[in-house]
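The figures here come from the full heavy-atom set of this structure, side chains too, leaving out hydrogens, waters and symmetry mates. Convention: sequence-line order gives letters A, B, ...; per-chain numbering from 1.
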Amino acid sequence: MIISSWNVNSVRARIENIKSYLLKYKPDIVMMQEIKTEDINFPYDEFSSMDYESHVFGQKSYNGVAIISKHKLKNIRTDLIKDKLKQSRIISAEVEFKKKVIQLINIYTPNGNPVDTEKYDYKKNWLDSLIKQLKNLSKKNENIILAGDFNIIPSAEDVYNVKSFEDDALYRLEIRKKLREMINLGFSDVYRHFNEDKEGYTFWDYMRGAWQKNNGMRIDHFLASNSILDNIKSVNINKDPRGREKPSDHTPIEIKLA
DNA sequence: ATGGTCGACGTTCGA
């Protein structure tokens, strides 16, 4: 089973790019972020005609997350985080795999820039709320896959020019520590589990020819409960969609379960 | 040097 996470930067603007990806790589489940639309305008029919069911937590113009799946998903939840601003940034669902119920949690963490503003505080509070919830959920179900756009660069080797990011909301020590807190609850950064020091960028800005110059960063992640690591056979950052026409600024990261 | 580029119920904001 292939599970993919992809910040699509508008599901409607990206629909042809997404369909090409689904046709070519046939992921079983895609956890999407930044769909940038209300539920009512989500392209349900496009995906159902390709045998995907859709579960959507949308929002007008900004944010929004969704999970599309070829397998039946259960217990869809969008209430896992107390969000003062009521932004649509988290959706979870359960999928059964080899007699195990795996809880899939799809997140779009606030960007947090510029630092030392209410935006930065919102990111910190949002992450604190997520950590608290993860702690609770881990007690109930030891099989959790948390994926999405974390807007966190884990380490210096995960960004093209660390000097310019030292005081950025994606890399500040305080923010990296929150990722560490999550991992310390009993999770692994799946990409780093399989790749000790290999570059694994998932995002390249539209500006300044970042893609052509490979000025990227690794901010889209899969965290998996250590108890299900044995079921994860591989991880792949699929750079194909980023190089196509009308790309998102992010590219999908995929894990294979068996 | 505050540029550059995307997307959205856009004439500006968020990334």
Which residues share a side-chain hydrogen bond (donor to acceptor under 3.5 Å, both in side chains) with [X], sequence neighbours left out:
{"X": "A:S155", "answer": "none"}
{"X": "A:N214", "answer": "A:E199, A:W204"}
{"X": "A:E16", "answer": "none"}

In whole Å, what separates the [atom1] atom of [N] from that of [M]?
{"N": "B:dC9", "M": "B:dG14", "atom1": "P", "answer": "15 Å"}
{"N": "B:dT2", "M": "B:dG7", "atom1": "P", "answer": "26 Å"}
{"N": "B:dC6", "M": "B:dA1", "atom1": "P", "answer": "26 Å"}
{"N": "B:dG3", "M": "B:dA8", "atom1": "C1'", "answer": "23 Å"}

Could you tell me whether A:F203 contacts a base, only the sugar-phosphate backbone, or nothing, with contacts defined as non-hydrogen atoms closer than 4.0 Å? nothing
Go nucleotide by nucleotide along DNA chain B from the 5' end; which of A:Y62 and A:E38 gets its closest nucleotide reached first? A:E38
A:D205 or A:D249, whichever maps to the more 5' nucleotide of DNA chain B: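 Nearest-nucleotide comparison on DNA chain B picks A:D205.
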Is there a donor-acceptor contact under 3.5 Å linking the side chains of A:D158 and A:Y201?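 No, A:Y201 and A:D158 have no side-chain donor paired with an acceptor closer than 3.5 Å.
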Partners meeting ring-ring contact (aromatic ring centres under 6.0 Å, His included) with A:F47 (sequence neighbours left out):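 Residues passing ring-ring contact (aromatic ring centres under 6.0 Å, His included) with A:F47: A:F42.
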Solution key, residues 105-112 of chain A side-chain donor-acceptor pairs under 3.5 Å, sequence neighbours excluded:
| residue | atom | partner | partner atom | Å |
| --- | --- | --- | --- | --- |
| A:N106 | OD1 | A:Q33 | NE2 | 2.7 |
| A:N106 | ND2 | A:M32 | O | 3.0 |
| A:N106 | ND2 | A:A66 | O | 3.0 |
| A:Y108 | OH | A:E34 | OE1 | 3.4 |
| A:Y108 | OH | A:E34 | OE2 | 3.4 |
| A:T109 | OG1 | A:F150 | O | 3.4 |
| A:N111 | OD1 | A:N113 | N | 3.0 |
| A:N111 | OD1 | A:N113 | ND2 | 3.2 |

Using chain A heavy atoms and a threshold of under 4.0 Å, write down where along DNA chain B the contacts begin and end, 5' to 3'. B:dG4 to B:dA15
